[in-house]
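Scroll down for the structure; my scribbles are underneath it.
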Amino acid sequence: MTGGTGLIGKHLSRKLKEKGYNVLLLSRSSSRGNSHSVYSWNPEKNEIENEAIQRADYIIHLAGAGMSDRRWTKMRRQLIFDSRIKTCGLLFDKVQESGIKLKAFISASGTGYYGTVTSEKIFSETDPPSTDFTGEVCRRWEQSADRFQQSGIRTVKIRTGIVLTRNGGVLGRMLPAVRLGVGSALGSGRQYIPWIHIDDLCNIYIKAIGDKTMTGAWNAVAPEHITNREFIRSLAKVLQKPFFFPAVPSLLLKLLFGRMADIILKGSRVSADKILSAGYKFEFPYLENALKDLFTKR
Ligand SMILES: NC(=O)c1ccc[n+]([C@@H]2O[C@H](COP(=O)([O-])OP(=O)(O)OC[C@H]3O[C@@H](n4cnc5c(N)ncnc54)[C@H](OP(=O)(O)O)[C@@H]3O)[C@@H](O)[C@H]2O)c1
């Protein structure tokens, strides 16, 4: 698993271990070990510890510089591309060289594939990628993963929505204001937030490992469509805090985040129908239950 030290990887590797899988992490820093075996790689130098590839039955590719961690300068945009796409190419080359028979290659992707746009459309897996930055990142990321499929290895691409966890991620950034009792919608508040509880996302990855009928792109989002305003209101309710109005003005967010503000200020509905039709049952189909699980139970 690349990027296994990150938000999703930590949860997923723990869940996989509980299911009896032997998880090997591929990290740029071998000192970031935990209870899993950690191998090192240096994507800039095209280096991967050989044994990591030799021991792999499946590869889960989560590595990527954070999309919303820093302003999208030219350098940052390049890093966002390279850390996902070049790394994927490196994995492909090393798998080819090693001659191992990989059972599946499973790559993260994002609902950003459909672009940062607010519309009434409900996007599904057959829709084309957007030509904006997030769409271009996801299109090229998935295209690099498709090299595995073209070489006969089952390949699954998980178009992930905003992942809800107790700590970190996008929710982690919304929490302080809501906890202080000054939570309010962002921009118009009418933009949708395609979201998913971390447990459901991990279960979808685990299904992708075991379910040989899964290939190609799959949206990983809860079936309930929620706008930004409804999201913050639910969060405030679960935390028993007031929900403020008026909303944070779009202009302020644009000044603070530049072009990156688009991923906060825009968002459409994304369909969960394909994964539901494949028999997946969401543990948390409704936002309020997901938030209660994260913030009131543990
Ligand atoms: N979290 C979400 O809401 C969300 C939504 C949609 C899609 N995704 C995608 O899912 C994947 C995992 O997300 P996450 O939230 O777990 O990310 P994360 O917490 O930021 O972790 C990503 C991991 O990628 C590795 N990484 C970071 N910069 C890198 C670079 N320049 N080159 C190579 N590796 C690098 C790091 O591992 P090492 O330091 O150990 O190498 C890091 O732990 C990402 O690709 C992300 O875009 C996430």
Side-chain angles (χ1 to χ4, degrees), residues 1-15 23-34 36-49 52 59-70 72 75-91 106-114 116 133-142 144-145 156-174 193-202 204-205 208 217-222 231 260 263-264 267 270 290 294:
M1 182 187 298
T2 72
T5 55
L7 184 81
I8 297 170
K10 275 190 204 143
H11 283 84
L12 180 56
S13 45
R14 195 169 53 239
K15 277 209 166 213
V23 182
L24 314 176
L25 305 187
L26 205 48
S27 172
R28 291 164 306 156
S29 157
S30 51
S31 62
R32 295 183 69 176
N34 48 25
H36 313 286
S37 306
V38 184
Y39 289 97
S40 63
W41 69 334
N42 185 335
E44 278 164 28
K45 292 187 176 165
N46 288 339
E47 289 169 357
I48 299 185
E49 261 187 87
I59 294 179
I60 299 180
H61 181 41
L62 300 174
M67 288 286 290
S68 57
D69 291 358
R70 300 209 191 141
W72 290 343
M75 251 175 76
R76 185 69 190 171
R77 290 202 303 273
Q78 195 57 51
L79 187 68
I80 287 173
F81 278 116
D82 290 350
S83 57
R84 292 169 171 77
I85 296 154
K86 273 196 173 175
T87 49
C88 189
L90 176 60
L91 291 167
I106 301 162
S107 176
S109 178
T111 52
Y113 184 89
Y114 308 112
T116 41
F133 176 60
T134 64
E136 189 59 10
V137 170
C138 295
R139 183 186 69 76
R140 287 178 49 195
W141 194 3
E142 293 194 10
S144 59
V156 186
K157 298 163 290 188
I158 310 283
R159 289 186 189 154
T160 311
I162 304 282
V163 183
L164 306 188
T165 60
R166 197 173 164 73
N167 299 303
V170 172
L171 192 51
R173 274 174 242 159
M174 290 178 178
I193 298 189
W195 63 276
I196 185 164
H197 187 293
I198 183 69
D199 287 351
D200 277 315
L201 179 63
C202 291
I204 290 173
Y205 271 95
W218 296 77
N219 293 337
V221 291
F231 190 99
M260 204 175 77
I263 55 179
I264 306 168
V270 175
L294 294 170

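Ligands are counted one by one from 1 in listed order, and the atoms in each one are counted from 1 as well. Residues take their numbers from the sequence shown, with the count starting at 1.
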**OP:** May I ask whether Val170 places a heavy atom under 4.0 Å from ligand 1?
**Re:** no
Subject >> Option nearest atom 30 (C) of ligand 1 (shortest heavy-atom distance, choices His11, Arg28, His61) >> reply: Arg28
**OP:** Out of Ile8, Leu164, Leu7, indicate the one that has the non-hydrogen atom closest to atom 8 (N) of ligand 1.
**Re:** Ile8
Original post:
Hey, are the side chains of Trp141 and Lys157 touching, using non-hydrogen atoms and a 4.5 Å cut-off?
Top reply: no
**OP:** Give yes or no for whether the N/O distance cutoff of 3.5 Å, strictly under, is met between Gly110 and ligand 1.
**Re:** no
Original post:
Would you say Asn42's side chain and Glu44's backbone share a donor-acceptor pair under 3.5 angstrom?
Top reply: yes
Original post:
Does Gly161 come within less than 4.0 angstrom of ligand 1, counting non-hydrogen atoms of the residue?
Top reply: yes
**OP:** Identify which of Gly6, Ser83, Ser68, Ser27 has a heavy atom lying nearest to atom 32 (N) of ligand 1.
**Re:** Ser83
Subject >> Minimum heavy-atom distance Ala65-Ile80, with the two atoms named >> reply: O-CG1, 4.1 Å
Subject >> Closest to atom 22 (C) of ligand 1 among Ala65, Gly168, Cys138, Gly64 (heavy-atom distance) >> reply: Gly64
**OP:** Please check if any side-chain donor atom of Ser68 sits under 3.5 Å from a side-chain acceptor atom of Arg173, or the reverse.
**Re:** yes
Original post:
Between Phe133 and Trp72, does the ring centre distance come in under 6.0 Å?
Top reply: yes
**OP:** Would you tell me which option among Lys86, Arg84, Met67, Arg159 has the nearest heavy-atom contact to atom 46 (C) of ligand 1?
**Re:** Arg84
Subject >> Flag, side chain of His61 to backbone of Ile85, donor-acceptor distance under 3.5 Å >> reply: no
**OP:** Compare Ser109, Ala108, Gly4 and give the one whose heavy atom is closest to atom 7 (C) of ligand 1.
**Re:** Ser109
Original post:
Does Ser29 reach ligand 1 with a nitrogen or oxygen that is under 3.5 Å from one of the ligand's nitrogen or oxygen atoms?
Top reply: no
Subject >> Separation between CG of Leu7 and OG1 of Thr165, rounded to the nearest 0.5 Å >> reply: 4.0 Å
Original post:
Can you list the ligand 1 atoms lying under 4.0 Å from a non-hydrogen atom of Leu79?
Top reply: 31 (N)
Subject >> Distance-only N or O hit between ligand 1 and Pro43, under 3.5 Å >> reply: no
Original post:
Just wondering, more than 12 heavy atoms not from Arg70 lying within 6.0 Å of its CZ?
Top reply: no
Subject >> Contact (N/O only, under 3.5 Å) between Leu26 and ligand 1 >> reply: no
**OP:** Pull out every atom of ligand 1 sitting under 4.0 Å from any heavy atom of Gly3, numbered as shown with elements.
**Re:** 23 (C), 24 (O), 37 (O)
Original post:
With a 4.0 Å heavy-atom cut-off (strictly under), which part of Thr2 contacts ligand 1: side chain, backbone, both or neither?
Top reply: neither
Original post:
How close do Val38 and Ser27 get, heavy atom to heavy atom, and via which atoms?
Top reply: CG1-CB, 3.9 Å
Original post:
Do ligand 1 and Gly66 have nitrogen or oxygen atoms that lie under 3.5 Å from each other?
Top reply: no
Original post:
Do the numbers put Arg139 on top of the ring of Tyr113, so that NZ or CZ is under 6.0 Å from the six-membered ring centre and no more than 45° off the axis?
Top reply: no
Original post:
Any nitrogen or oxygen of Thr5, main chain or side chain, under 3.5 Å from a nitrogen or oxygen of ligand 1?
Top reply: yes
Subject >> Sidechain-backbone polar pair: Ser144 side chain, Glu142 backbone, donor-acceptor under 3.5 Å >> reply: no
**OP:** Using a 4.0 Å heavy-atom cut-off, say whether Tyr113 meets ligand 1 through its side chain, its backbone, both or neither.
**Re:** neither
